[in-house]
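Structure first, then comments.
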Amino acid sequence: MEKNVIDDSELGPVPIVRVDRFGFVKSDHNSPEGLIKRRSAFEYEREERRIRKWRKMIGVGGGDWKHYVRRKPHVVKRRIRKGIPDCLRGLVWQLISGSRDLLLMNPGVYEQLVIYETSSSELDIIRDISRTFPSHIFFQQRHGPGQRSLYNVLKAYSVFDRDVGYVQGMGFLAGLLLLYMSEEDAFWLLVALLKGAVHSPMEGLYLVGLPLVQQYLFQFDNLMRDHLPRLGVHFTQEMINPSMYASQWFITVFSYSFPFHLALRIWDVFLYEGVKIVFKVGLALLKYCQDDLVKLPFEKLIHALRNFPEDAMNPDTLLPLAYSFKISKRLEEFRKEYEQKNGKIAEQRLKRKLALRIR
């Protein structure tokens with residue numbers, strides 16, 4: 001019997017998928033930012049020197065990291081603000097977040113959560129999987145390795161912390177982490193963030209009612225009026241409040257709709273310095289675009305606040321501007337003001353409930 005032989009010439013052309021250096025699929029009309037470019041010998045050598053400095057700083061497997069941070073914290077902070085080398089980003093993120101310690105203290109826990117436990121959020125997670133970084137090649141294949149890993153991490157966390165369970169925005173955090181580390185490492189970094197291994201816990205961003213989102217938006221609105229009073233007046237006139245444009249900044253730490261190269265630089269600083277960088281970047285964006293924003297009516301203003309221009313998204317311009325904002329003292333004052341205000345509201349609600357019961 002003759003075998004059916006397919007002539008290669010009969011096959012159609014294999015489609016070429018263009019991806020940027022981070023793995024996101026690019027079409028011809030997309031921004032060239034992130035596309036692999038041929039570097040000069042000078043640029044290549046400069047990057048190699050930077051990587052060597054970082055390797056010396058962290059040691060083999062991160063063994064020297066804590067010692068170096070104690071000895072030279074200002075050097076560490078400066079280098080992180082300049083950007084962690086991409087080839088070392090996953091390891092350094094685990095070191096600065098405290099997740100590596102959590103992993104070592106809890107052997108076998110992740111496997112137990114994934115294999116032997118069930119979650120009431122499983123259907124919600126499955127529904128949302130394809131919405132997380134849909135243009136990234138790792139997550140595009142339905143039920144492929146990327147989507148399976150993302151499901152496992154989110155399901156494991158929903159079992160680990162049943163009070164939080166699963167909320168849609170968490171997928172972007174887990175997805176971002178999975179691009180730089182294994183499932184188990186990503187899970188423990190998610191735990192470190194939400195439970196506050198190093199900085200303030202993030203879990204309030206995802207609890208019922210999003211209580212921490214409400215607090216952060218209150219703080220941001222007041223900071224904006226402090227630092228950008230002209231814009232604050234215009235926002236009041238146009239009845240714009242931060243919930244209309246800034247909620248996702250905090251819920252996903254800029255990983256949802258911002259250029260990936262910028263999100264990574266923000267995450268480098270976020271994991272080392274905490275949530276203050278989210279406030280600072282938000283203020284920097286508004287300041288950079290302030291002259292245009294104050295001229296816009298409501299509808300155009302909302303669109304502009306959700307679609308910042310490309311030049312505003314350059315990390316080498318935006319981040320130095322963000323670092324120039326000094327907000328620690330006022331941020332704490334606004335936190336106390338928010339808690340006091342909310343405490344009074346809760347007290348009034350309780351009194352009303354008691355009064356109804358007495359009747």
Side-chain angles (χ1 to χ4, degrees), residues 69-70 73-74 76-78 80-81 93 96-99 163-164 169 173 189-233 235-236 240-255 263 265-288 290 305 318-349:
V69 170
R70 283 194 297 269
H74 297 298
V76 173
K77 182 177 180 178
R78 185 179 72 248
I80 286 175
R81 284 187 167 192
W93 280 4
I96 61 182
S97 67
S99 68
D163 289 336
V164 171
L173 271 65
L189 208 157
L190 196 60
V191 172
L193 289 175
L194 269 66
K195 292 301 182 183
V198 174
H199 301 292
S200 301
M202 288 178 64
E203 60 186 353
L205 294 172
Y206 309 105
L207 291 169
V208 175
L210 311 179
L212 195 55
V213 178
Q214 305 307 320
Q215 177 192 311
Y216 284 166
L217 293 178
F218 174 85
Q219 290 171 290
F220 183 78
D221 191 45
N222 283 280
L223 285 170
M224 183 268 295
R225 294 175 190 282
D226 266 6
H227 291 275
L228 305 168
R230 185 162 62 108
L231 191 60
V233 169
F235 278 10
T236 299
I240 297 289
N241 65 72
S243 66
M244 298 174 176
Y245 63 90
S247 297
Q248 288 291 348
W249 297 355
F250 293 101
I251 292 173
T252 69
V253 193
F254 292 108
S255 63
R265 291 284 301 278
I266 294 171
W267 269 74
D268 290 344
V269 181
F270 167 68
L271 290 171
Y272 190 64
E273 299 183 29
V275 74
K276 280 190 296 185
I277 189 60
V278 181
F279 290 95
K280 290 182 176 185
V281 169
L283 290 172
L285 280 167
L286 295 183
K287 184 174 183 178
Y288 187 89
Q290 179 175 218
L305 290 167
L318 184 67
L319 293 180
L321 180 58
Y323 302 145
S324 71
F325 286 99
K326 308 303 176 189
I327 64 171
S328 297
K329 183 179 177 182
R330 293 294 278 161
L331 196 61
E332 178 63 14
E333 289 172 357
F334 291 136
R335 182 190 66 79
K336 291 178 179 177
E337 183 181 335
Y338 179 82
E339 289 180 352
Q340 186 178 19
K341 177 183 172 184
N342 261 36
K344 288 180 180 178
I345 293 172
E347 187 178 340
Q348 290 169 356
R349 285 174 180 167

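Throughout, numbering of the chain's residues begins at 1 and tracks the sequence.
To the nearest 0.5 angstrom, S324 atom OG is 11.0 Å from L319 atom CG. Interatomic distance, L331 CG to Y216 OH, rounded to the nearest 0.5 Å: 8.0 Å. In this structure, the separation between CE on M244 and CZ on F235 is 10.5 Å, given to the nearest 0.5 Å. Note that CD of Q219 and CG of D226 are 12.0 Å apart. Values are rounded to the nearest 0.5 Å. Within the model, atoms CG of L205 and CD of Q214 stand 10.5 Å from one another, a figure rounded to the nearest 0.5 Å. Distance CG/L207 to CG/L194: 8.5 Å, rounded to 0.5 Å.
Between H227 and F325, the two ring planes are perpendicular [angle over 60°; tilted spans 30° to 60°]. Classified by interplanar angle (parallel below 30°, tilted 30° to 60°, perpendicular above 60°), the ring pair F334/F218 is perpendicular.
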Show me the side-chain donor-acceptor pairs of residues 270-284 shorter than 3.5 Å, one per line, residues at least two apart or across chains.
residue, atom, partner, partner atom, Å
E273, OE1, R81, NH2, 3.0
E273, OE2, R81, NE, 2.9
K276, NZ, S328, OG, 3.0

Next item on the list: Please report the C-alpha distance between V253 and M202 in whole Å, then the side-chain angles of each, then the deciding distance to 0.1 Å, and finally whether the side-chain contact (heavy atoms from CB on, under 4.5 Å) criterion is met.
Entry: CA-CA 11 Å; V253 193; M202 288 178 64; 4.0 Å; yes
Next item on the list: Apply side-chain contact (heavy atoms from CB on, under 4.5 Å) to F250 and L217, showing your working.
Entry: CA-CA 9 Å; F250 293 101; L217 293 178; 4.2 Å; yes
Check: Does the pair K336 and Q340 meet the rule for a side-chain contact (heavy atoms from CB on, under 4.5 Å), with working shown?
Finding: CA-CA 6 Å; K336 291 178 179 177; Q340 186 178 19; over 6 Å; no
Notebook entry, point to check: Passes side-chain contact (heavy atoms from CB on, under 4.5 Å), S99 versus V191? Steps please.
Noted result: CA-CA 8 Å; S99 68; V191 172; over 6 Å; no
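Annotation for S255 and W267: closest pair CB-NE1, 4.1 Å, computed over non-hydrogen atoms. Closest non-hydrogen pair, S97 versus A197, comes out as O-CB, 3.7 Å. The two residues L173 and I251 have their closest heavy-atom pair at CD1-O, 3.4 Å.
A salt bridge is defined here as a Lys NZ or Arg NE, NH1 or NH2 lying under 4.0 Å from an Asp or Glu carboxylate O, and R335 with E339 meets this definition. Between E333 and R330, at least one side-chain nitrogen of the basic residue sits less than 4.0 Å from a carboxylate oxygen of the acidic one, meeting the salt-bridge criterion.
In terms of modelled atom types and a separation under 3.5 Å, the side chain of T236 and the main chain of G232 share a donor-acceptor contact.
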